[in-house]
Amino acid sequence: MKAKKMMALLLTAAMGVSALTGCGGGNGKESEEGKGADKKGKDVVTALLPPVSATYQDKITEYVKAFNKEHPDVEIEVTTASWEDTTQKLDVQVNAGSPPDIAFIGSDGVTKYLDMGMAVDISQYLSEDQMKDFDENVLGYFKNGDGLYGLPAYCEVQCIGGNREFLEKAGIDWKSVQQNGWTYDEFREAIKKGVVEENGATKTYGFLFACSGVTAKDYFSIFVKNAGFPSPFNEDLKYTYTDPKMVDFLEDLRAMIDDGSMPKELGAIDAGKRWNMMLTGQTMITGKGLSSFERSAANNNEMLKNGDADAVEGSIPVDYIVLPVPVFEGGTQNAYGAVDGYTGTFIYSGSKCIADARYLSSPDCAYFSNLL
Amino acid sequence: MQDTYPALIAPTLVTCYNVFLAKQFFTSLPTSIIESAKIEGCSQPQIVWKIIMPLSKTILAVMAIMTFLGEWNTFFWPFLVCNSEMMQTIQVGLKNFSFANTTYFAPMMAGATVSALPMFILFFSLQRYFLEGVTVGAVKG
């Protein structure tokens with residue numbers, strides 16, 4: 001019996017330790033000098049930065065080195081988390097009471113962390129000149145009331161984009177579309193023409209939108225702007241999405257999936273697969289579209305031309321054409337601006353974080369806000 | 001304990017499933033063996049280490065295999081507790097090939113293939129224990 005009790009005791013103790021392994025905000029470097037300082041007396045600034053692009057981590061390393069040359073008393077600890085999961089990690093860290101000092105978030109996430117009392121107004125740490133480095137409108141995405149809760153890394157007007165060769169084969173006057181826009185009906189006709197069947201299977205779809213992962217919500221948010229709902233709230237602060245027109249809009253969105261212009265497996269296509277299908281000629285038009293896609297396609301074309309093994313497997317040369325989002329009945333052309341903010345940007349309240357925020361005011365912090 | 005090996009290992013040292021599996025196995029051991037050991041003068045620790053443990057190799061192997069397979073494939077916990085790239089497990093690291101608007105499928109798939117190899121090797125080399133062990137606690141008496 002004693003042996004059984006001893007084993008039970010050991011097992012219980014081990015399970016108890018297991019339950020505590022994720023606890024605590026310490027990283028093993030904060031104990032001696034207090035929170036925010038490591039054993040060498042350096043201030044430690046933690047940053048949660050997802051890999052925005054393939055070269056992002058290398059750039060970050062360069063920027064941290066450059067920053068440390070000027071500020072040898074500061075240690076920057078970069079935490080990486082995949083793009084799809086970074087918000088989840090940040091939320092867990094915030095709720096666990098051990099958030100990073102700096103995090104990369106979309107500007108639409110500011111209010112969430114502000115409501116949680118975790119965001120700090122950084123305007124007090126920035127000089128007028130530093131504020132002027134940013135476009136006022138773009139900077140406004142990170143404002144709430146009089147407070148500034150982040151600095152933008154980049155701003156994009158979201159659109160859709162197509163393969164020039166495929167568009168022309170389908171008889172679509174893309175130049176006219178770029179200049180004059182198009183209606184939902186015109187768009188549907190166009191994407192139907194873009195479907196190419198081969199041996200009883202669809203070789204090329206007319207349109208493709210990433211409907212899996214974090215970009216899935218864009219399928220709604222980008223199009224809804226052009227359907228007579230420029231904002232979820234009207235001027236009287238009434239919620240607009242309960243308007244009967246919304247049902248028509250949702251049916252229109254669904255129709256594009258059901259009519260075969262888009263793949264039926266749309267729910268499994270994330271942002272990466274979407275772009276892969278564009279480069280491999282499996283779709284004529286993709287959404288969402290960003291200006292950086294033009295460069296990405298050009299880079300891949302160059303790699304194909306040079307026989308570079310890094311070119312996307314099975315890809316074809318793609319001349320990427322930016323196209324406007326179609327306008328739905330009752331709507332007007334509206335741009336959907338996406339401002340993902342850097343975070344040199346997002347400072348959390350906490351004993352060390354306020355003090356560390358002063359580094360944002362140094363010129364070198366531009367490194368952290370101009371990565372792309 | 002974030003970003004440390006104990007943070008990765010400790011949560012799976014003892015699990016309810018393994019405790020239950022082991023308990024079922026231990027109750028199937030004949031009490032007469034333990035009583036004989038006592039008569040021969042074995043202390044309690046000696047009974048555990050010299051009698052029970054050697055008889056429990058099968059269940060220990062099963063627990064080791066199943067724990068390894070489970071933890072090798074797990075994503076969320078290592079994702080939460082590992083902050084530096086150096087500490088990331090392969091499953092967490094593979095997701096770093098997925099960027100904001102593009103995914104490097106070739107290295108991701110290559111990594112996924114490599115990550116499957118240890119499981120294949122472990123499973124086939126300990127297949128006998130595995131098949132024997134999954135039913136070991138199922139029948140009592």
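Every chain is numbered from 1 and lettered A, B, ... according to where its sequence line falls, protein lines coming before strand lines.
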**Request:** Write down the atom of A/K89, the atom of B/F79, and the distance for their closest heavy-atom approach.
**Result:** NZ-O, 2.6 Å
**Item:** Heavy-atom pair with the smallest gap, counting every atom of A/A81 and B/N96
**Value:** C-OD1, 4.2 Å
Hey, could you give me the [atom1]/[atom2] distance between [X] and [Y], rounded to the nearest 0.5 Å?
X: A/D310; Y: B/Y104; atom1: CG; atom2: OH; answer: 7.0 Å
X: A/S296; Y: B/F99; atom1: OG; atom2: CZ; answer: 11.0 Å
X: B/Q2; Y: A/T46; atom1: CD; atom2: OG1; answer: 10.0 Å

**Request:** Pick one of side chain, backbone, both or neither for B/F105, based on which atoms fall under 4.5 Å of a heavy atom in chain A.
**Result:** side chain
**Complete:** Applying a strict 4.5 Å limit to non-hydrogen atoms, the region of A/E84 in contact with chain B is side chain
**Asked** Between A/K273 and B/T103, does a side chain to side chain contact (heavy atoms under 4.5 Å, CB included) hold up when you go through it step by step?
**Response** CA-CA 7 Å; A/K273 183 65 181 169; B/T103 300; over 6 Å; no
Within 6.0 angstrom of [X] [atom1], more than 12 heavy atoms from elsewhere:
X: A/E294; atom1: CD; result: no
X: B/Q46; atom1: CD; result: yes
X: B/F123; atom1: CZ; result: yes
X: B/F75; atom1: CZ; result: yes

**B/N83/A/Q93 under side chain to side chain contact (heavy atoms under 4.5 Å, CB included): CA gap, chis, key distance, verdict** = CA-CA 11 Å; B/N83 290 333; A/Q93 288 182 325; 3.7 Å; yes
**Request:** Check step by step if side chain to side chain contact (heavy atoms under 4.5 Å, CB included) holds for B/F76 and A/D85.
**Result:** CA-CA 10 Å; B/F76 193 61; A/D85 306 296; over 6 Å; no
**Message:** Is it true that A/T80 and B/Q88 share a donor-acceptor pair across their side chains at a distance under 3.5 Å?
**Reply:** yes
